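Contents: one structure, followed by commentary.
Keep in mind that what you see is a predicted model, and the values were worked out from it rather than measured. Counting begins at 1 with the first residue of the sequence.
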Amino acid sequence: SFLQSLFIAFFIAACLSSLSLRHFHHLSQEIRTVLQCERRSRIPQPRSTTMGASSNGGYCASNYASYCQNRRFSKEVLDNVHGTIYLDPLALKFVDTEQFQRQVRRFGISSSSSQSYLFAGLTNTVYPGAVHSRFEHSLGVYHLAGEVAYRLRAQQDPDFPVEDFDIKTVKLAGLLHDIGHGPFSHTFERQFLPRFLSGAPWSHEDMSISMIDYIVDKHHIDIEPECLKKAKSPTEKQFLYDIVANGRNGVDVDKFDYLVRDSRACGVGCGFMFPRLMGSMRVLGDEICYRAKDYLTVYKLFSTRAEMHRTVYTHAKVKGIELMAVDALSKANESLGIADAVQNPGEFWKLDDTILKRIEVDERPELKEARDLVLRIRRRDIYQFCNEFAVPKEKLDHFNDVTPQDIICSQKSSDVTLKEEDIAVSTVQIDLTRGSSNPLESVKFFQDHDSTDKFTIPVEHISHLIPAVCQDKIVRVYAKKPELVEAVSQAFENFQMTTYGVKGILATPEKKRNGKRLFPY
């Protein structure tokens, strides 16, 4: 390797220049340390030709030495996506708390098992392999955040303003960015809580900040106030915070990790290759930019995310089970005080996916309705999918949510009179991260590593296959009882014809319309 050759070159130089034995020994020890770390590290080989200096964005020995010095005091964790992850002492102080370990718990299995992650919510009920947890994801984001921060520093000029303190802060932000999620992730936040909370919307981002403060106080974690402040919210060097959660264009290591992790667990494959982007990132004007020739790789990130939402996270069966879980939580809320817990981090951390197990085994009469719903999920007696339709693109900007009442009003002659409580409606939005806008319009590129100019690239200059419309809205309707599938399906078809003049083609098979259950997966 380059460093091995360099070691030999220094040996020859030492002999020729009659360096003192002590001087050479010190030099050889430093290079040997770097070589040892190189074998354990996944950072690319250095491209610079001078020790201690970087050329054309190459890695230099000083960066390696800093990187390896931090690993000397770290704990190794073997991850099935990224390989070995090194947790530094500060990260371990947070990881080894019950509040962080809470992310390992999962519905229906012992608390030492895993929780279906992120957008996935209840995805494992359809994709049985999706039983990984937000715990692994948090470690993965921590790892990638550190990798990117080190790479950015190594590929910039020597006076680039990123210190070891900044890198530690970015890694901590990656580790704790999801600590404020409730049970079943976004399902809890977007579907359950709005039924009970009024006023300003609750967000897991705000709860993450509260949880960090709570953990620090509860466990007396010794951390610099400035590090804690920067880990929670940006004050300067905005590009560092874009590494974990990029509000400018959506390209961040959070997506790098969960897209690869989720697709692998579900067995659906992932065509996006994040190492290519990580290898070419540069900071220009306080903004992370990418090589122009990586334009389609950036697009692949967004299209892969949209495809995962379509085929996995918003699978029709998954959404049906989510609707049941939300109904069960709603019926149990008064008895268990679920919604009240989100105002206090000391109570909130006790909420996890095992809340459904608590409902299932609680024999109190007031929890019977909620308990019956959980048992229906267990027995795969789930809400029956009736039909769906995609909102026409010309209606997207002025779309009004469809309600059960809309469908009831469209019911014509039938032997069954439908009620609102018989119908569940799910409106799914799938986009490229920025609603109807194309996120590629917000991504900055550069020509090559000698360039100092950044620019956007019009989509039409790259490909005419990239869609002009970047958003889908899909309305799905479910019957809560199998015997109502025929009536609900017909009423929904009437609604579509009256409203849009067309009806969806993914109608429920005739056998199911008659109340007969097929294989439920």
Side-chain angles (χ1 to χ4, degrees), residues 102-131 133-134 181-196 313-342 347-385 404 419-426 476 478-485 515 517 519-521:
R102 150 187 179 269
Q103 297 179 103
V104 181
R105 301 176 188 172
R106 157 179 159 69
F107 161 49
I109 302 183
S110 65
S111 60
S112 61
S113 299
S114 60
Q115 165 193 357
S116 55
Y117 152 68
L118 200 61
F119 293 105
L122 288 154
T123 298
N124 67 294
T125 56
V126 176
Y127 292 89
V131 291
S133 74
R134 191 175 296 282
H181 266 294
F184 311 112
S185 304
H186 295 279
T187 301
F188 180 81
E189 179 177 349
R190 298 173 182 174
Q191 299 181 47
F192 169 73
L193 286 181
R195 297 186 180 187
F196 299 96
Y313 307 140
T314 65
H315 186 285
K317 279 288 193 298
V318 171
K319 299 306 291 185
I321 294 172
E322 284 184 1
L323 290 168
M324 296 185 74
V326 171
D327 283 349
L329 292 176
S330 299
K331 293 179 182 300
N333 182 64
E334 184 175 352
S335 298
L336 300 181
I338 301 170
D340 294 337
V342 303
E347 294 299 321
F348 175 78
W349 77 266
K350 301 173 186 177
L351 287 178
D352 54 45
D353 285 11
T354 59
I355 185 68
L356 290 187
K357 186 65 177 180
R358 285 171 55 191
I359 294 171
E360 181 183 6
V361 299
D362 195 320
E363 297 293 336
R364 284 182 289 172
E366 59 267 30
L367 287 172
K368 184 180 186 308
E369 288 185 89
R371 187 168 58 249
D372 289 346
L373 280 171
V374 176
L375 290 174
R376 284 185 62 182
I377 295 174
R378 296 290 197 190
R379 298 163 182 171
R380 304 297 293 192
D381 180 18
I382 60 180
Y383 292 169
Q384 294 294 297
F385 171 76
K419 302 176 183 178
E420 286 191 49
E421 56 267 29
D422 296 329
I423 302 170
V425 181
S426 173
R476 295 193 182 116
Y478 298 80
K480 294 187 177 182
K481 300 175 183 178
E483 62 270 20
L484 299 178
V485 171
R517 295 178 60 208
F519 186 65
Y521 289 87

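Checking S330 against R195 by side-chain atom types alone, a donor-acceptor pair falls below 3.5 Å.
Between the side chain of N333 and the main chain of I338, a donor-acceptor pair closer than 3.5 Å is present. With hydrogens and angles ignored, the 3.5 Å screen pairs no side-chain donor or acceptor of E189 with any backbone N or O of T187. Using modelled atom types, no side-chain atom of D422 and backbone atom of K480 make a donor-acceptor pair closer than 3.5 Å. The main-chain N or O of V485 is never found under 3.5 Å from a side-chain atom of Y478 such that the two would form a donor-acceptor pair. A side-chain donor-acceptor contact under 3.5 Å links R102 to the backbone of W349. Between the R476 side chain and the S426 main chain, no donor and acceptor come within less than 3.5 Å of each other.
Contact check on K368 versus D372 returns a salt bridge, with a Lys/Arg side-chain nitrogen under 4.0 Å from an Asp/Glu carboxylate oxygen. Checked for salt-bridge contact, E360 and R371 miss the test: no charged N lies under 4.0 Å from a carboxylate O. For the pair D362 and K357, the salt-bridge criterion is not met [side-chain N within less than 4.0 Å of a carboxylate O].
Residue F196 comes nearest to A339 through the heavy atom pair CB-CB, 3.9 Å, listed as atom of the first residue, atom of the second, then distance. Here the closest non-hydrogen pair linking A325 and L356 is CB-CD1, 4.2 Å. The two residues H315 and Y127 make their nearest non-hydrogen contact at CD2-OH, 4.0 Å.
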Open item on the list: Using the rule given for side-chain contact (heavy atoms from CB on, under 4.5 Å), can you reason through Y383 versus R376, listing the C-alpha separation, both sets of side-chain angles and the distance that settles it, and then say yes or no?
Closed with: CA-CA 9 Å; Y383 292 169; R376 284 185 62 182; 4.1 Å; yes
- [ ] Evaluate side-chain contact (heavy atoms from CB on, under 4.5 Å) for F385 paired with K319, printing each intermediate quantity in order.
- [x] CA-CA 9 Å; F385 171 76; K319 299 306 291 185; over 6 Å; no
Task: side-chain contact (heavy atoms from CB on, under 4.5 Å) between I359 and L329, intermediate numbers included - done: CA-CA 8 Å; I359 294 171; L329 292 176; 4.2 Å; yes
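Looking at residues two or more places apart in sequence or on another chain, you find a side-chain contact (heavy atoms from CB on, under 4.5 Å) between E366 and S335, R364. For D340, there are no side-chain contact (heavy atoms from CB on, under 4.5 Å) partners two or more places apart in sequence or in a different chain. Considering only residues two or more places apart in sequence or on other chains, E420 meets the side-chain contact (heavy atoms from CB on, under 4.5 Å) condition with P404, Q405, I408.
Rounded to the nearest 0.5 Å, atoms CD1 (I382) and CE (M324) are 7.5 Å apart. With values rounded to the nearest 0.5 angstrom, Q191 atom CD is found 9.5 Å from D327 atom CG.
In summary, the aromatic rings of F184 and F188 are positioned with their centroids too far apart to meet the 6.0 Å limit.
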